[in-house]
Undergrad: 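One structure coming up, written as structure tokens, with questions to follow.
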Amino acid sequence: MIDVRTLRANPEAMRATIRLRRVDPRKADLDRWLALDERRRALQTQLDEVNAQKKQLAGLGRTDPDAARAQGQALRNRSRELESEIARVTQEWQAILDWFPNWPHPAMPPGEGDDDNVEECAWIPGQGYLPAARLGKGFHTAQHMPQRPIHAEDPDFAPLHHADLGQHLGGIDTLQGAKVSGSRFAYMLGDIALLQIAVEQLLTGRLLESGYMPIIPPLLVRERSLYGTSHFPEGRDQVYEIQPHNVEEGTELFLVGSSEPSNFSYFMDRTLDEPALPIRMFANTPCFRSEAGSWGKDVKGIKRVHQFDKIELNAVCAPEQSEALYEEFRTINEWLLQRLELPYHVVDKCGGDAGYLATHRQRDVEVWLSGSREFMEVMTDTDTTDYQARRLNIRYRTADGATHLCHTVNDTGCALGRMLIAILDNYQQKDGSVKVPEALRPIVKKDYLGR
RNA sequence: GGAGGGGUGUCCGAGUGGUUGAUGGAGCUCGUCUCGAAAACGAGUGGGCCGAAAGCCUCGUGGGUUCGAAUCCCACCCCCUCCGCCA
């Protein structure tokens, strides 16, 4: 949610922002909102006056109740009319306000979709960063990326899709997953499951060294948490809604699609002391997504499934700290991919492709699948400034006693299922085996899977 | 699942219809005292809305009764205790 005072002062800037972010103008109906806002304030002023009179009468009522009663009834009726009218106006006012996006970073690239994202950097194992002159828009650097499985000892073979490779190795079973839970569910077994555990330990170790606080949060949350992080109302169809029959009547919970709402909600309605900031934390949790409307897309394998594990990085901080944390998260993302020796590029997301409404600025880290010759999103780094903190009511207190809204920054530390895809794809060998990345061998304790 | 108790400011804790946004204590801030600190004493100290001021809202949330609600009524949310069940 954005600050209504800033909005009132800059309606044309919001009109431009709605265009930049490609928000449906019927939902983010600025003109309607401005009219409602004016109406709302006028009504509130009237109500304040009536309330002030009521208060005066209440004082009179102590000495002369009959006189107070005579005048009071009319005032009460008037205040009720005003209250119900304000409630009606506020409901619509709020419903529109919910659809206004965060103010974008001045450098957020314009554009409609992923072809308009701007490449910040690209890295290839053994080569390092590509020169800036080779960067472009969208998937521009794909042409410079390896076109054969990069870690294959003999790259002269037709690479396998990760689903086939996983099945061949006996470590990914989508058929039994579908039998047990339906399509888009999978079992991961044995060495491939171990591979995931190894990635978890690699990253977790790094985060602990850097002082990140581990957090194990609830994964079933109330509506307010998802509304607070702005996953609602826009992404409501992407989560599972739980209506339990075996517990208390009327309980309504949602399975989180990311631990971000759970993690930030820990700080909901709290006022933190400034010296405690920034608070950096990470959670390794399952994530549940209904992916409604994506039928037919990426149906093979585990790229798009209803349940996957993810290490999430979150920070609650003071306003002047959020940009630095946004960069810090990127360095951790790059560190992991470089340790795993996976090629990738980082893109600055354009207005039309920059995730949820809370986004002030966002970048994606996309790993290159040298076998499949495509980029795949594995991490998203987002600075939401005070947008989420305002809805969640997360504040901090400065030394002079004043309270201000915090900023929140969040990043995918690692989408584990997709990282497995990247490893399988890039490390596959001619004989159908998969080389284990150096950094994971201490835990996997094998040089190859399937040999 | 059964039975009971309770939600008040940063915290503890009064208040059961009339200047109570709220007694008191702790904490915190400032001042006096002190070489300095502690102690003592004095003053201050929740959040939000509306350009400022005035004013209004806020005692878990929402409704209701009343001239007037923290206080009475209803619904919901949450917490605690005992029993049951369970990892």
Undergrad: Roughly how many Å is it from NE2 in H404(A) to P in G48(B), rounded to a whole number?
TA: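 About 10 Å, once rounded to whole Å.
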Undergrad: Is E438(A) paired with R339(A) through a side-chain N to carboxylate O contact shorter than 4.0 Å?
TA: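 Salt bridge flag = no for E438(A) with R339(A).
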Undergrad: Using Watson-Crick or G-U wobble geometry with both distances below 3.5 Å, tell me the partner of U81(B), or none.
TA: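 With both distances under 3.5 Å, U81(B) matches A3(B).
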Undergrad: Can you tell me if the side-chain N/O atoms of R41(A) get under 4.0 Å from OP1 or OP2 in G55(B)?
TA: no
Undergrad: Using the C1' atom in both, what is the distance from A70(B) to G60(B), to the nearest Å?
TA: 12 Å
Undergrad: What interatomic distance, in whole Å, is found between C1' of C56(B) and the corresponding atom of G2(B)?
TA: 46 Å
Undergrad: Counting just side-chain N and O atoms, does Q73(A) come under 4.0 Å of either OP1 or OP2 of C67(B)?
TA: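 It does, given that an N or O in the side chain of Q73(A) lies less than 4.0 Å from OP1 or OP2 of C67(B).
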Undergrad: May I have the distance from Q46(A) (atom CD) to C57(B) (atom C1'), rounded to whole angstrom?
TA: 17 Å
Undergrad: Nearest whole Å is fine: how far is C50(B) P from R40(A) CZ?
TA: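 Checked: the CZ to P distance equals 8 Å.
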Undergrad: How far, in whole Å, is G13(B) from G7(B) if one measures between their P atoms?
TA: 10 Å
Undergrad: Is A40(B) paired to anything, Watson-Crick or G-U wobble with both distances less than 3.5 Å, and if yes, which nucleotide?
TA: U32(B)
Undergrad: Work out how far the P atom of U65(B) is from that of U10(B), and round it to whole angstrom.
TA: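 One P to the other, the span is 32 Å.
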Undergrad: Do R304(A) and F308(A) meet the cation-pi criteria used here (NZ or CZ under 6.0 Å from the six-membered ring centre, within 45° of the axis)?
TA: no
Undergrad: Within the distance-only criterion (no hydrogens, no angle test), does the side chain of T359(A) pair as donor or acceptor with the backbone N or O of G355(A) below 3.5 angstrom?
TA: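 No; zero donor-acceptor contacts below 3.5 Å.
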Undergrad: Taking only side-chain N and O atoms of K54(A), does any of them lie within less than 4.0 angstrom of OP1 or OP2 on U19(B)?
TA: no
Undergrad: Would you measure the distance from the C1' atom in U58(B) across to the matching atom in A40(B) and give it in whole Å?
TA: 37 Å
Undergrad: Strictly by Watson-Crick or wobble contacts shorter than 3.5 Å, is anything paired with G21(B), and which nucleotide is it?
TA: none
Undergrad: G48(B) P sits how many Å from D48(A) CG, rounded?
TA: 17 Å
Undergrad: For E83(A) and C56(B), give me the distance from atom CD to atom P, rounded to whole Å.
TA: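 One finds 14 Å between P of C56(B) and CD of E83(A), rounded.
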Undergrad: Using only atom types and a distance under 3.5 Å, with no angle test, would you say the side chain of S372(A) pairs donor to acceptor with the backbone of L369(A)?
TA: no
Undergrad: E49(A) CD to C57(B) P: how many Å, rounded?
TA: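 These atoms are roughly 13 Å apart.
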Undergrad: With nearest nucleotide decided by heavy atoms, which residue, R76(A) or N51(A), maps closer to the 5′ end of RNA chain B?
TA: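 In this pair, the answer is N51(A).
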Undergrad: Rounded to whole angstrom, note down the P distance from A37(B) over to C33(B).
TA: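 Going atom to atom, P in each nucleotide, I get 12 Å.
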Undergrad: R8(A) has a side chain; which of G51(B), C67(B), G47(B) sits nearest to it?
TA: G51(B)
Undergrad: Under 3.5 Å, is there a donor-acceptor pair between the side chain of R21(A) and the main chain of Y356(A)?
TA: yes
Undergrad: Suppose you measure atom C1' in G24(B) against the same atom in U32(B); what distance do you get, rounded to whole Å?
TA: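 Between the two C1' atoms, the distance is 25 Å.
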Undergrad: Using a heavy-atom cut-off of under 4.0 Å over every strand shown, decide if R5(A) touches base, sugar-phosphate, or nothing.
TA: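 The residue R5(A) makes sugar-phosphate contact but no base contact.
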Undergrad: Could you give the CG-to-P distance, from L7(A) to C50(B), as a whole number of Å?
TA: 12 Å
Undergrad: Measure from NZ or CZ of R361(A) to the centre of the six-membered ring of Y326(A), then state whether that distance is under 6.0 Å and the direction lies within 45° of the axis.
TA: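 Output no; distance or angle outside limits.
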Undergrad: If you assign R395(A) and A87(A) each to the RNA chain B nucleotide with the nearest heavy atom, which residue ends up on the more 5' nucleotide?
TA: R395(A)
Undergrad: With sugar-phosphate meaning primed atoms plus P, OP1 and OP2, does R270(A) contact a base, only sugar-phosphate, or nothing at under 4.0 Å between heavy atoms?
TA: nothing
Undergrad: Rounded to whole Å, please give me the gap between CG in D3(A) and C1' in G51(B).
TA: 14 Å
Undergrad: Under a 3.5 Å limit for both distances, which nucleotide forms a Watson-Crick or G-U wobble pair with U45(B), could you say?
TA: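 U45(B) is paired with G27(B).
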